[in-house]
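Taking it in order: structure first as structure tokens, then the write-up.
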Amino acid sequence: MTDLLEIRNVWKRFPMGGLLSRAHIDAVQDASFSLTADKPEIFTIIGESGSGKTTLARMILGLEQPSEGEILFKGQSVSRNMNREKRLEFMSQVQPVFQNPFEAFNPLKRIDRYLASTARQFLKTSDRAKIDAAMDDALQKVGLSLKEIAGRYPHELSGGQLQRCAIARALIPNPPLLIADEPVSMVDASLRMAIVNLLRSLRDDFGVSVIYITHDLATAYYISDRLIIMQKGRIVEMGDARVVLSDPEHPYSRLLKASVLSSEDAGQGKLATNPDMVAEANRLATMPSSRLQERPDGRLVRTYEGA
Amino acid sequence: MLSVFKDLIRYNREFTIGLLLVSLIVIFACLSFFSPYPAQDIYVVIPDQPPSWQYWFGTNSRGQDLFWQLSFAFRNTLTFGIIVAVLSRLISITIGLASGYLGGWVDRILMFFNDIFVAIPIFPILILFYFVLRSDLNTYTLAVIMACLGWAFDARLIRSVALGLRFREFTRQAIFAGMSPRKIMMEEHLPYVMPIVFSTAMANMIWSIGFEVTLAVLGFTNINIPTVGTALYWANNHSAMVVGVWWWIIIPVVLLVMMFLGLFLLAVSINEYIDPRSRLRRMGS
Amino acid sequence: MDTVLDVKGLKAYYLMKYFGISREVRAVDDITMSIRRNEIYGIAGESSSGKTSLIKVLAAAMRPPLEVVDGSVRYHFNGEEIDPTTASKEDLKRIRWKHLSYIMQGSMSVLNPVRRIERTFADFAKEPLGLSGPAFRERVEQHLSSLKLPPSVLRSYPHELSGGMRQRVTIGLATVCHPEFIIADEPTTALDVVVQKEVLSMIREIQQKMGSSVVFVTHDMSVHANMADRIGIIYAGRLVEEGPTRQMFFAPKHPYTAHLVASLPRIGDTTQRPALEGKPPNLADPPPGCRFHPRCPLAIDKCRTDVPPLETVDTDHRTACWRWQDVRPLDGAPTGKMEAQL
């Protein structure tokens, strides 16, 4: 089995306060996991703001340098200090999808320019016909066509269409890995499922692995194969998505699940949170020594010494 | 482009007034090409004549027809201001965008030089140049020197906008679309700093012309080249106000104010038109 | 029925002119609704559906280019009638905070970053409450403690508080004068799930305690499911369906609502969710007839030409659809029991 992506004991530390201050904050603590190249999957990173999920994604994209540990993509180390040639090579393999579709393209520029530039750079061609074919091909994968998009400005499209264009652009170099950072949190409800279903079809029909970063447990359950749940920089639970979310073990995972607003009991005004659960989850976040332990069903759960 | 002009004239009063004032001055400056007298000749007409049908702006104590003399002066002054504005805009766009987008040590080095240029006293340096170059200090040399001194503040402004743009998602999209830094700066970010470039170009022209006038009035430029500054220098030299030749001072000052006002109105209205926000609103988003 | 707010045939358009291009955006187009005393009315709609413009009109925060073209808005406070679109500045000032208040999305837009929280409270609430010094302070502290906030927050600056705390402070600010009508515009959108639930339950609790009416705006249907007593769905500037929460979720009578509630994924359910094709209409050039028809699976010829009226189909339940009798819950729709509390 070969690894597509391997995260080895990665830490990210940001200094806090002024130049002279020694204080720092651990945005990501000792994260390890790997994605195999043999079978495409949707790997979800769940976390609230401040959990370190975005920092982790930025490190995988080579936009941030890990303080400790190593990130390997197809056996090659990913670093912020890659030269342009190496970076272009890396970018043709790993592509991002960002959070806000309305910000994804420069509002003063036509959308197709980004697609064309991607095709020109990564397919190493300047043949107009080839570029158009690559653009149309990628747009077809997301349910659009070059005819609809050519010459359009961002404001002429809906959020859902823009996000699909962004995904199409990312797909042009045929990357084996897509990093999607909260791709649906700013898309309207009626268009959201189209994007989520699209991510699923990328895995099933085109063999693209997706790292799906979200705070929404419901969509995570809906599309992902495996997931990790992060709390304040630490992975607290990792395993098969359906297994973990149906019956979370770590107190923080349980709290997250309990906080999901359900439409099953609409109109009953069920909003109470158990304050003990919140307190317990917060207490564990500050415990110093802990490690991930394997459970019989294959999941890893963080356990704490003296807890 | 032509339809843009038509739109602006029809729907924006500031633009119309500004265009009118600036065109008047430009036409006036262009008339110098048809002047019956060479620019630097003196005692070609009767001195100290008040404005009349024969001499529209009167004549000065050096025996020059002020109408033709001032048209030379405005041609030189306008050329000077435009050269300074264009050159210093080029420098500040390059430095501001590069500093803001590239960040890191590039930013630190560029801003180090930037701060030096903000801090150095310009006036003594210009006087120094005058003493070194003497009569070689013509309009063009002075323009280049002023351009090299007048970009720093605006580069900082442009840098602050570019810094904000650097973290916008579309910039990252452009990076992952394989665009080179130069392409990102020039094609993605430049439209956002154009309003600053336009409005600071205006301020820069006022600044550089003001400096030129000051230097000339004090006699620190080549006083034989007619500019608005040297016109005032000679007027002062001949005690124009004291001997009652008021038109020698009032007319150039009024024309100068007209020019500044016109440029200002143009800058404001063009600014509004090319501002990304209003552009987006017109595009209908 | 005891109503606090009556909106009749309200039309509010953006009338814009830029360099000769004039544009009319019909953000709110013929909306009729009324809000009762002591209820939470949820307004749901996508971005640029006109819900924000509607809220601006209701909150008397309307500024050009947004203008009321037709219709009326009437508040009934203490037997006094007031129209926020035509009322004088003095009248509006009199009712603000005391009768009508707001909870906004970003707490930072209400809380001045360089002032302690107590100063902000004094700025907003001292005059309407008509209390001075110690009495005012006592009242504020008492109110905050009912929101489980310690009195010490009054001495802090906004940046010293967490996002959830700040949002609770803004709720405290909006409710300290016991207003009869509260407009909550996406108050929990930027919050994390755990905090979101806390804040929501707090809004609900204090609403029930004070018996006031809340108009709660969000695009998130799962929030509405747990907050609202009644829900109104806005699509392309029109109210397309309105009814009790339970009926909206379990027996929707408009295809758009049916789609919205069915598209919510749930833990424990992997049924393929339907995605709605097409894009939300452009309000500057909306489609004729029913504005939903280009995306509607049930559309017939009539829908393309005739605007469906808002018909009453059940108690309190109105829908604007020619084919409402044929609307069925879609695959994946929640299957809660209608009878549970009826």
Side-chain angles (χ1 to χ4, degrees), chain A residues 58 61-63 80-81 84-85 87-124 135 152-157 162-163 165-170 172-173 175 178-179 181-183 186, chain B residues 1 4 93 97-98 100-108 111 158 161-198 270-285:
Chain A
R58 285 178 59 83
L61 283 169
L63 298 172
R80 212 186 118 164
N81 313 316
R84 180 153 171 85
E85 198 186 329
R87 179 164 286 275
L88 283 176
E89 169 64 26
F90 174 72
M91 287 196 299
S92 71
Q93 305 265 328
V94 182
Q95 279 281 340
V97 178
F98 300 113
Q99 181 175 12
N100 188 349
F102 299 100
E103 268 275 299
F105 301 101
N106 189 337
L108 300 171
K109 299 283 176 180
R110 292 188 184 94
I111 293 166
D112 47 7
R113 92 187 227 100
Y114 297 91
L115 289 115
S117 166
T118 312
R120 199 175 308 121
Q121 281 293 341
F122 297 120
L123 304 179
K124 300 198 172 58
M135 284 161 67
R152 297 292 204 95
Y153 285 93
H155 67 85
E156 296 174 80
L157 304 180
L162 286 172
Q163 196 61 301
C165 288
I167 294 174
R169 190 208 57 71
I172 285 178
L178 215 59
I179 315 280
D181 189 355
E182 305 247 14
M186 302 189 75
Chain B
M1 196 62 203
V4 171
I93 288 173
L97 286 181
Y101 176 69
L102 299 173
W105 58 268
V106 177
D107 181 34
R108 277 200 291 273
M111 281 305 111
I158 290 172
V161 174
L163 260 182
L165 293 169
R166 179 185 172 192
F167 297 108
R168 297 270 292 266
E169 277 184 11
F170 66 74
T171 305
R172 283 192 279 163
Q173 188 83 259
I175 294 172
F176 278 92
M179 291 186 197
S180 65
R182 196 193 58 82
K183 196 166 167 148
I184 293 175
M185 283 186 261
M186 285 303 151
E187 292 177 21
E188 301 283 313
H189 292 175
L190 191 59
Y192 282 86
V193 301
M194 278 322 268
I196 297 187
V197 172
F198 261 89
I270 292 176
N271 222 347
E272 194 187 324
Y273 193 81
I274 62 168
D275 182 21
R277 271 169 301 177
S278 85
R279 235 174 104 184
L280 288 173
R281 249 175 281 159
R282 260 177 291 124
M283 279 156 73
S285 77

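We name chains A, B, ... by the order of the sequence lines, and we start the count at 1 in each one.
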Chain B contact via [X] - which portion, at a heavy-atom distance below 4.5 Å:
| X | value |
| --- | --- |
| A:Ile172 | neither |
| A:Val97 | neither |
| A:Tyr114 | both |

(message) Quick check on the interface: out of B:Ala174, B:Gly178, B:Ala177, who has the most heavy-atom pairs with chain A under 4.5 Å?
(response) B:Ala177
(request) Any pair with a residue in residues 171-187 of chain B that passes salt bridge (charged side-chain N to carboxylate O under 4.0 Å, His left out), sequence neighbours left out, goes on the list, sorted by first then second residue, please. (result) A:Arg113-B:Glu187
(message) I'd like to know if A:Glu103 pairs up with B:Arg168 as an ion pair, taking the criterion as any Lys NZ or Arg NE/NH1/NH2 lying under 4.0 Å from an Asp or Glu carboxylate oxygen.
(response) yes
(message) With a 3.5 Å distance limit and no angle check, can you tell me whether A:Asn106 reaches the backbone of B:Phe170 through a side-chain donor-acceptor pair?
(response) no
(request) Give a yes or no on whether the backbone of A:Ala104 and the side-chain of B:Gln173 come within a donor-acceptor separation of less than 3.5 Å. (result) yes
(message) Nearest 0.5 Å, please: how far is OG in A:Ser117 from CD1 in B:Ile184?
(response) 8.5 Å
(message) Would you compute the distance between atom CG of A:Leu61 and atom CD1 of B:Ile175 and round it to the nearest 0.5 angstrom?
(response) 10.5 Å
(message) With a sphere of 6.0 Å drawn around CZ of A:Arg110, does it hold more than 12 non-hydrogen atoms of other residues, nucleotides or ligands?
(response) no
(message) My understanding is that only residues two or more places apart in sequence, or in another chain, count here; which of them pass salt bridge (Lys or Arg N to Asp or Glu O under 4.0 Å) with A:Arg152?
(response) none
(message) Less than 4.5 Å apart, side chain to side chain, heavy atoms only: is that true for A:Arg84 and B:Ser180?
(response) yes
(request) Determine whether A:Pro96 and B:Glu169 make a side-chain contact, defined as any pair of heavy atoms from C-beta on separated by less than 4.5 Å. (result) no
(message) Ignoring hydrogens, what is the shortest heavy-atom contact between A:Phe98 and B:Phe176? Give both atom names and the distance.
(response) CZ-CD1, 4.5 Å
(request) Considering only heavy atoms and a distance below 4.5 Å, find which of A:Leu115, A:Leu63, A:Thr118 pairs most often with chain B. (result) A:Thr118
